[in-house]
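Step one of this worksheet: look at the structure below.
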2 protein chains.
Amino acid sequence: MSKMDLSWDSYRTFLTVLQEGSLSAAARELGLTQPTVGRHVDAMEATLGYPLFVRSPHGLLPTDAALALKPYADTLAATSAALLREASSQRDTVSGAVRISASEVIGIEVLPPILAELHAAYPALTIELSASDTVEDLLRQEADIAVRMVAPAQDALIARHVGAVPISFHAHRRYIERRGMPETLADLARHSLIGYDRETSAIRAIIARSPELPSVPFAFKADSNLAQLAAIRAGFGIGICQNGLAARDPDIVPVLPGLFEMKLETWLVMHENLKTAPRCRVTFDALAKGLRDYIRGIAPAVAGSHDPAQAAQAIV
Amino acid sequence: MSKMDLSWDSYRTFLTVLQEGSLSAAARELGLTQPTVGRHVDAMEATLGYPLFVRSPHGLLPTDAALALKPYADTLAATSAALLREASSQRDTVSGAVRISASEVIGIEVLPPILAELHAAYPALTIELSASDTVEDLLRQEADIAVRMVAPAQDALIARHVGAVPISFHAHRRYIERRGMPETLADLARHSLIGYDRETSAIRAIIARSPELPSVPFAFKADSNLAQLAAIRAGFGIGICQNGLAARDPDIVPVLPGLFEMKLETWLVMHENLKTAPRCRVTFDALAKGLRDYIRGIAPAVAGSHDPAQAAQAIV
DNA sequence: TCTTGCTCATGCATTTCAGTATATCTACTC
DNA sequence: GAGTAGATATACTGAAATGCATGAGCAAGA
């Protein structure tokens with residue numbers, strides 16, 4: 001077993017079997033047949049000298065050894081996808097696919113109009129938007145460009161600071177008419193609050209930086225910031241959301257303006273290798289401009305509140 | 001060209017052709033034949049829709065498009081190699097290959113005895129030592145474990161500080177007998193100095209931190225720290241080297257001890273994913289102990305010199 | 001000028017690999 | 001208890017990819 005000679009294709013089928021859980025499903029996914037996929041797995045096990053899966057009539061259950069190899073197979077898949085993205089964008093033309101990673105709220109509420117305008121300007125450009133609150137690794141090529149609320153510490157990344165997104169309490173006008181408008185932070189105790197479900201490290205950081213916040217139990221708990229936003233819009237109660245999003249709906253009114261506000265520093269991040277790729281350069285610039293406009297457009301609405309609540313390296 | 005379906009194997013042959021420069025050489029490297037390799041490249045070009053190489057009787061010259069894809073192919077190769085390394089190290093047994101990245105001096109002068117002892121304890125363990133002053137990327141899996149003189153900033157890396165390696169001026173006894181022992185830093189101007197060739201950013205940082213150093217032209221210039229060490233040992237002149245290395249040879253004597261010394265903070269770095277891999281854990285611990293011993297063993301020799309010349313984030 | 005050594009390109013035989021069809025096993029539903 | 005739908009494993013057949021042999025082009029050196 002000195003000179004291993006495994007086909008790189010076997011890694012792909014291995015990963016697919018791992019993801020799908022059965023030879024048949026993997027075969028469907030790969031456009032192959034079940035015997036072929038089985039043979040690939042057999043060959044890989046024969047080469048390595050130990051089993052990767054335990055067969056059962058319900059599918060293939062990965063062994064610990066197989067799970068240990070999964071991260072490598074994942075990066076292989078991400079890298080080959082990135083290679084294809086780069087390859088399908090021809091020289092000097094803005095075409096091909098750009099994969100963008102952003103939080104759910106940003107990806108769903110903020111980016112679409114920006115991307116629509118970009119696509120109108122470059123019809124050959126395809127957008128892959130990964131709207132998820134899990135941080136994707138740019139170094140592993142899981143995305144080409146990312147919108148981040150945390151300062152990018154890694155080398156080999158190009159980062160551009162696009163401003164700070166202010167967030168503060170908001171509620172629907174109907175709710176305020178029904179329950180009254182709180183005047184102080186302490187008044188919040190008598191209201192229906194919308195907040196997080198599980199306490200993440202990012203949230204703990206926010207709490208630590210904002211001792212003025214009363215600790216009131218939430219009436220609506222959701223980890224998804226989108227769900228919190230939807231609850232605010234539905235008039236469920238008072239929650240925190242980006243001022244810029246609230247300003248779009250005249251029925252959403254700020255609550256305790258000036259008494260509590262935080263700013264989420266926002267960065268646009270891209271891998272250094274991609275700075276010469278036209279499709280990425282163009283998208284990067286369009287996102288930077290669009291996000292700056294978004295932040296600037298809402299800045300006047302909250303002008304006058306200069307509280308030093310610093311940038312929370314956090315959610316949203 | 002919507003649904004690209006390129007075999008991952010074609011990436012491997014593509015990369016090999018890129019590295020070797022010809023279909024024939026790539027075929028030899030891969031254990032295939034030249035027509036097969038040519039067909040792989042043809043298929044890749046047909047799928048992408050544009051040429052990757054210009055054919056000539058002397059070999060294949062990559063186009064710009066091909067060069068743009070090379071980093072991705074490199075990552076694929078590094079990752080699949082890492083996967084194989086992980087795969088060939090069985091469960092719960094210390095076996096398989098560990099790839100270690102270190103500077104030339106550390107890798108050649110310091111590590112071998114440590115690794116020899118490690119291998120004696122675990123004969124099934126294979127060592128791949130990459131002794132190079134170019135920084136290899138642990139996140140890209142170019143190595144499993146690295147000895148670094150710079151603080152590791154990246155996430156997802158496990159780092160252990162193993163101490164500070166003191167470096168200072170040294171010379172061979174023969175040289176001192178011939179040219180005399182300098183008493184002050186200014187005396188260095190009358191001596192044959194051994195130093196760097198090109199001024200890197202790391203070296204500039206050292207110079208900035210050590211204003212007491214006179215700017216004297218070097219009589220022997222080499223970017224390789226190994227070559228500088230060899231020049232010191234050959235009695236060429238006075239140069240900077242690690243005190244621990246100098247202490248091994250009674251003919252190498254310290255020059256201006258206490259007047260100039262720097263400490264290179266040293267870290268052992270490993271990817272987080274590998275902390276459960278027995279072969280890596282064992283190697284990591286052995287390196288940590290070995291390097292600590294190396295540093296400790298030379299500490300008494302220079303005891304008493306407590307000048308605050310801080311850690312230079314630099315070479316050696 | 002002719003040889004040598006390197007390259008890539010092409011036609012043809014073969015081997016290898018993938019697909020089809022089928023058997024078998026298990027869980028779940030009626 | 002029979003039937004259905006999911007899974008893997010195994011023979012057999014056919015296509016596709018590989019290897020072999022050969023031809024042709026170019027550069028260096030005798």
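Since we're looking at a predicted model, the values are computed, not measured. The chains referred to below are lettered A, B, ... by the order of the sequence lines, with proteins before strands, and numbering in each begins at 1.
Rounding to whole angstrom units, CG of residue L23(A) and P of dA7(D) are separated by 10 Å. If you measure from atom NE2 of H58(B) to atom P of dC8(C), you get 11 Å, rounded to the nearest angstrom. Taking atom CG on D42(B) and atom C1' on dT10(C), their separation rounds to 12 Å, with Å as the unit. Between E45(A) atom CD and dT8(D) atom P there is a gap of 13 Å when expressed in whole angstrom units. Between Q34(B) atom CD and dA21(D) atom P there is a gap of 14 Å when expressed in whole angstrom units. Rounding to whole angstrom units, CG of residue L32(A) and C1' of dT20(C) are separated by 15 Å. Atom CG in D9(A) sits about 12 Å away from atom P in dA17(D), given to the nearest Å. Computed from coordinates, the R39(A) CZ to dC12(D) P distance equals 14 Å when rounded to whole Å.
S10(A) and S7(A) share no donor-acceptor pair across their side chains, judged by distance under 3.5 Å alone. Side-chain contact, E104(A) with S224(A): a donor N or O sits under 3.5 Å from an acceptor N or O.
Comparing atom distances between the T33(A) side chain and each of dT8(D), dA9(C), dT20(C) picks out dT20(C) as nearest. Closest to the side chain of H40(A), out of dA27(D), dA18(C), dA9(D), is dA18(C). You'll find that the side chain of R28(B) is closest to dT7(C), out of dT10(D), dT7(C), dG19(D). Comparing dT7(C), dA21(C), dC20(D) by their nearest atom to the side chain of P35(B) picks out dC20(D). Taking every side-chain heavy atom of R55(A) into account, dA9(D) is the closest of dC8(C), dA9(D), dT18(D).
Taking 4.0 angstrom as the limit, S24(A) places a side-chain polar atom (N or O) nearer than this to OP1 or OP2 of dT8(D). Listed pair T36(B) / dG19(D) meets the phosphate criterion, a side-chain N or O lying under 4.0 Å from OP1 or OP2.
Nucleic acid contact for G38(B): none, since no nucleic acid atom lies under 4.0 Å from a heavy atom of the residue.
Residue order along DNA chain C, read from the 5' end via each residue's closest nucleotide, puts S22(B) first among S22(B) and G31(A).
When atom types are taken as modelled, the side chain of H119(A) and the backbone of T126(A) share no donor-acceptor pair closer than 3.5 angstrom.
In this structure, R12(B) pairs ionically with D9(B), as a charged nitrogen and a carboxylate oxygen lie closer than 4.0 Å.
Tested against D144(B), the residues R99(B), R279(B), K275(B) include a single salt bridge (Lys or Arg N to Asp or Glu O under 4.0 Å) partner, R279(B).
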